[in-house]
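Values reported hereafter were calculated over all heavy atoms of this structure, with side chains retained and with hydrogens, waters and symmetry mates removed.
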Amino acid sequence: MAQLHKLKADKLGSVRSRSVLLTVGAITLYSYSVTQVQFNIDSIDCILGLTRILPASFWLALILLTSAFAILCFSSEGNNYLFFLQWSLLIVALWLTPFIIGGISVSQPCIAVAFSHFGTTEYIVRTGHSTPDMSFYLNWPGGMILGAVLTEILGINRPDLMLALTPFVLQFLYLFPLFLFLRNSLGEDKINHCWGAIWVFSLANWLLQNYYSSQAIAFVYFIFLLAILSKIAFWKENRNVLIYPLSLILILSCLTFTHLLTAIVSLTIVLGFRVINRIRTYALLMIGAVLIASWTMYITANFFEWRLPYVLENAFGITSLFQSVSVIGHTGSNAYQIGSLLRTLSVIYFLIIGFIGIILGLKSKKKIHTDLTILIILISSGIVTITLALGYGGEILVRFYLFSLPAIPYFGTKLLNNKTGRPVFLVILLVALPLHFTSHYNRQAGYITPSHVAALHFFPNHMTQGLIINDVKTELWKNQEKYTYVRLPAD
């Protein structure tokens with residue numbers, strides 16, 4: 001028996017050693033690859049976007065890193081510290097590479113929009129209050145208020161670096177609640193599977209919502225809500241612990257004045273958990289509904305006075321819903337439209353992974369109750385999607401995919417339950433690597449040049465108010481309310 005334990009320990013040590021060795025090789029190759037990139041902004045205006053200019057050594061580094069992670073994930077035991085290191089390196093490659101090789105102006109596709117959003121935060125910092133009259137985004141000011149607090153604490157005067165690094169930082173904010181949700185759902189004895197699911201989540205999360213915005217901050221709250229719901233649902237001894245429903249009420253309160261759609265989806269998920277008796281109280285539903293209804297009627301009444309007729313006209317419009325899918329581009333260059341098609345294929349790719357996991361789970365019936373409970377997340381997101389349809393806007397199907405992201409990797413880990421599925425899981429990870437890059441980094445329209453970054457500081461440095469011709473494209477991040485857009489006569 002002692003000899004058997006020694007053999008197992010030696011085997012495990014060998015697995016860890018190989019994983020560490022491959023990780024070191026990946027770090028070395030990645031460091032070398034980023035020095036070899038010949039970057040200019042025109043190079044991403046093509047079908048493959050950033051993928052085209054990344055050298056072979058970059059992709060080899062990611063293959064080594066993924067292999068290092070996989071052999072440890074497939075072993076009988078894992079190492080959380082090594083898993084975290086490998087995942088952190090993946091996040092650096094996915095989210096910091098453009099910043100490293102191209103600087104702030106090309107750090108993310110939505111950097112220009114992020115500057116505009118920061119303008120609402122700057123207003124709160126400067127005036128000490130929030131008003132929807134300044135921007136309709138401030139009908140739900142929670143995210144911008146949080147940003148204002150952090151801006152004051154960190155002493156940020158120029159938002160360039162903060163906005164450039166926000167997508168990278170967001171991945172780490174997602175990590176903790178996501179890990180809790182997966183551990184509660186998969187079980188404490190499936191830590192390796194938890195990290196496998198986190199890896200899938202990170203590759204699947206290429207969406208452009210990962211920038212400085214209320215949606216991104218609300219998504220952090222959303223994952224925390226799933227973590228707490230899963231704690232109550234799958235750990236029966238916690239059902240009568242008061243701290244958990246109080247935490248859910250706090251999160252629903254934060255969501256109510258941060259992002260309306262996320263609040264509605266979250267409340268629908270809570271309703272689904274109550275219907276299948278995973279939570280036992282109706283009070284939580286009533287409190288959440290009162291919070292959202294009260295905020296909508298009394299705080300955002302002016303916004304819905306002009307928006308509600310449009311919402312009601314298009315609600316339940318399934319035809320309009322599919323016509324408005326913003327994942328697929330209908331205008332722009334051929335390269336842009338093909339890039340949009342690649343993003344659509346990426347969504348389908350990961351949804352198929354989740355669907356295969358659902359089939360495998362239903363077939364094995366080992367954790368059928370947990371699987372059906374997690375399925376509630378997908379169903380609830382789908383119900384809200386179909387209900388709101390075009391009334392919310394053209395991005396509604398993209399938002400459905402966003403809210404489905406925590407559930408998709410849970411089902412994807414079903415492939416890890418047997419040895420024949422593990423090679424398939426590794427192939428899935430490897431294929432997802434270029435999909436992430438082609439999906440996220442091929443939109444030149446969202447990037448700005450270094451000269452554009454300099455122009456963004458012209459108004460704050462030289463003016464405090466004025467008129468701006470509508471045809472002049474600029475993203476004001478300071479004194480937004482003191483400028484008026486005017487349109488020149490056609491002649």
>> Any non-hydrogen side-chain atom of Lys231 less than 4.5 Å from a side-chain atom of Leu180?
In response: no
>> Thr166: which residues meet the side chain to side chain contact (heavy atoms under 4.5 Å, CB included) condition with it, sequence neighbours left out?
In response: Met162, Leu170, Tyr212
Backbone N/O of [Y] and side chain of [X]: donor-acceptor pair under 3.5 Å:
| X | Y | value |
| --- | --- | --- |
| Ser346 | Leu342 | no |
| Asn192 | Ser75 | yes |
| Thr413 | Phe411 | no |

>> Looking at Lys414 and Asp371, is there a salt bridge between them, counting it only when a charged N and a carboxylate O are closer than 4.0 Å?
In response: yes
Do [X] and [Y] meet the criterion of a side-chain donor-acceptor pair at a distance under 3.5 Å?
| X | Y | answer |
| --- | --- | --- |
| Asn205 | Tyr401 | no |
| Thr97 | Tyr30 | yes |
| Ser202 | Gln171 | no |
| His259 | Tyr221 | no |

> What's the verdict on side-chain hydrogen bond (donor to acceptor under 3.5 Å, both in side chains) for Asn80 and Trp195, showing C-alpha distance, side-chain angles and the deciding distance?
Replying inline: CA-CA 8 Å; Asn80 279 328; Trp195 283 104; 2.8 Å; yes
>> Is it the case that over 12 heavy atoms from other parts of the model lie below 6.0 angstrom from the OH atom of Tyr349?
In response: yes
>> If you compare all heavy atoms of Tyr410 against all heavy atoms of Ala197, which two are closest, and at what distance to 0.1 Å?
In response: N-CB, 4.4 Å
